[in-house]
Amino acid sequence: MNKLMLSLAALGLAAGAAYAQDQTSFASLDADANGELSFEEITVIWPQLTQEQFTAADLDVSAGLSGEEVAAVQSAAAATAPADAAPAQ
C-alpha cells in the first residue's frame, strides 16, 4: 500500500505540473459535468495512471475522483517530493 501511495504521489506531482502548465481546470476535464473525473477523463492529464492507482485514489469508491481526492493526491505528492538540492557554487 505504501508503494502504491508513493506512486500516486509521484503522479500527483506530475499532474500538478500539467495543471499549471496547461491551465487545465477540473471542470474542463470533467466532460460529463458530474463533479468527478472518471479514469478516462483524468488520463487526459495523467496518461501513465493505471487503473489500480486510480482505484486506490478513489477513497469513497464512487468510480470517480472528486476535486478533493485529486487535491489529496497532489498534496501527498508535494509532501513526498524530494527537497531540491542546493545549487552548486
Side-chain angles (χ1 to χ4, degrees):
M1 186 66 158
N2 242 357
K3 185 177 179 183
L4 184 58
M5 289 310 294
L6 287 175
S7 295
L8 285 170
L11 288 171
L13 187 61
Y19 264 142
Q21 287 178 343
D22 297 338
Q23 297 299 309
T24 304
S25 71
F26 185 93
S28 70
L29 292 172
D30 186 13
D32 60 6
N34 70 348
E36 295 188 322
L37 299 181
S38 67
F39 181 72
E40 292 75 20
E41 290 168 335
I42 201 162
T43 55
V44 168
I45 62 163
W46 287 351
Q48 71 276 28
L49 185 70
T50 67
Q51 184 66 53
E52 181 182 48
Q53 292 166 327
F54 177 84
T55 300
D58 183 16
L59 300 177
D60 63 3
V61 194
S62 64
L65 299 184
S66 66
E68 292 81 16
E69 289 167 331
V70 172
V73 172
Q74 290 176 323
S75 293
T80 60
D84 292 338
Q89 294 183 356

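- Distance alone, capped at 3.5 Å, is enough to place a donor-acceptor pair between the E41 side chain and the D32 backbone.
- With no hydrogens or angles considered, no side-chain donor-acceptor pair links E52 and T55 at under 3.5 Å.
- Legend: residues meeting side-chain hydrogen bond (donor to acceptor under 3.5 Å, both in side chains) with T43, ordered by chain and number and at least two apart, are absent.
- What you find for D60 and S62 is that their closest heavy atoms are OD1-OG, 2.9 Å.
- Between the side chain of E36 and the backbone N or O of A63 there is no donor-acceptor pair closer than 3.5 Å.
- Not counting sequence neighbours, D30 has no partner by the side-chain hydrogen bond (donor to acceptor under 3.5 Å, both in side chains) test.
- Atom CG of L65 is separated from atom CZ of F39 by 10.0 Å, given to the nearest 0.5 angstrom.
- For the atom pair S66 OG and L59 CG, the distance stands at 8.0 Å (nearest 0.5 Å).
- Side-chain contact check for I42 versus L29: every heavy-atom pair is 4.5 Å or farther apart.
- The CD1 atom of I45 lies 9.0 Å from the OG atom of S28; values are rounded to the nearest 0.5 Å.
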